[in-house]
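In this chain, residues are counted from 1 in sequence order.
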Amino acid sequence: MWQMKIPYLIGRPIGVSFINGTGTSGVLCSADGQKLYVMEYLYHTQFAIKQYEYRTIQDILPFPGCQ
């Protein structure tokens, strides 16, 4: 279950896959039991914290290390 990964991924870059087949990526800022809060890059020097409801999420994965 992906919710069990949350404590280990706070503050780390993640990929989020949604049940509708789309996805996003960013830094996992926090979670409150119903929503994930992800800092995403928008444009130039702009970032935004976006919130995603658990019911829309299929999985979350940490970014792999560079080789």
Which hydrophobic side chains are connected to Ile19, either touching it within the sub-4.5 Å cutoff or through other members that do?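 When side chains under 4.5 Å apart are linked, Ile19 ends up in no cluster with other residues.
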I need the full list of ring pair (Phe, Tyr, Trp, His ring centres under 6.0 Å) pairs touching residues 5-39, with sequence neighbours left out, sorted by first then second residue.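 Every ring pair (Phe, Tyr, Trp, His ring centres under 6.0 Å) pair that includes a residue of residues 5-39, provided the two are not neighbours, is Phe18-Tyr52.
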Is the shortest heavy-atom distance from the side chain of [X] to the side chain of [Y] under 4.5 Å?
X	Y	result
Val16	Leu28	no
Gln34	Tyr54	no
Ile57	Leu36	yes

Listed by chain and number, what are the side-chain contact (heavy atoms from CB on, under 4.5 Å) partners of Phe63, not counting sequence neighbours?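 Listed in chain order: Pro13, Ser25.
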Can you name the side-chain contact (heavy atoms from CB on, under 4.5 Å) partners of Glu53, sequence neighbours left out?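 So Glu53 forms a side-chain contact (heavy atoms from CB on, under 4.5 Å) with Lys35, Arg55, Thr56.
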Please give me the minimum heavy-atom distance between Ala31 and Ile6, naming the atom from each residue.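 That closest heavy-atom pairing would be CB-CG2, 3.8 Å.
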Looking only at non-hydrogen atoms, find the nearest pair between Pro62 and Leu9 and report the distance.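 That closest heavy-atom pairing would be CB-CD2, 3.6 Å.
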Once rounded to the nearest 0.5 Å, what's the spacing between atom CD of Gln51 and atom OG of Ser30?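 Going from CD on Gln51 over to OG on Ser30, the span is 9.5 Å.
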Quick check for you: to the nearest 0.5 Å, what is the distance between Gln46 atom CD and Tyr41 atom OH?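 OH of Tyr41 is found 8.5 Å from CD of Gln46.
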Hydrophobic clusters here meaning ILVMFWY residues chained together by side-chain heavy-atom distances under 4.5 Å, can you tell me if Ile60 and Ile10 are in one?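 Per the 4.5 Å side-chain linkage, Ile60 and Ile10 are co-clustered.
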Answer with yes or no whether the hydrophobic clustering places Ile14 together with Met39; edges join I, L, V, M, F, W, Y residues whose side-chain heavy atoms lie under 4.5 Å apart.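 They do not share one cluster, since no chain of ILVMFWY contacts under 4.5 Å joins Ile14 to Met39.
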Keeping to residues at least two apart or across chains, list the salt bridge (charged side-chain N to carboxylate O under 4.0 Å, His left out) pairs with something in residues 3-19.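 Matches after skipping sequence neighbours: Lys5-Asp59.
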Filter on salt bridge (charged side-chain N to carboxylate O under 4.0 Å, His left out), then keep only pairs touching residues 37-51, sequence neighbours left out; what's left?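 Sorted pair list: Glu40-Lys50.
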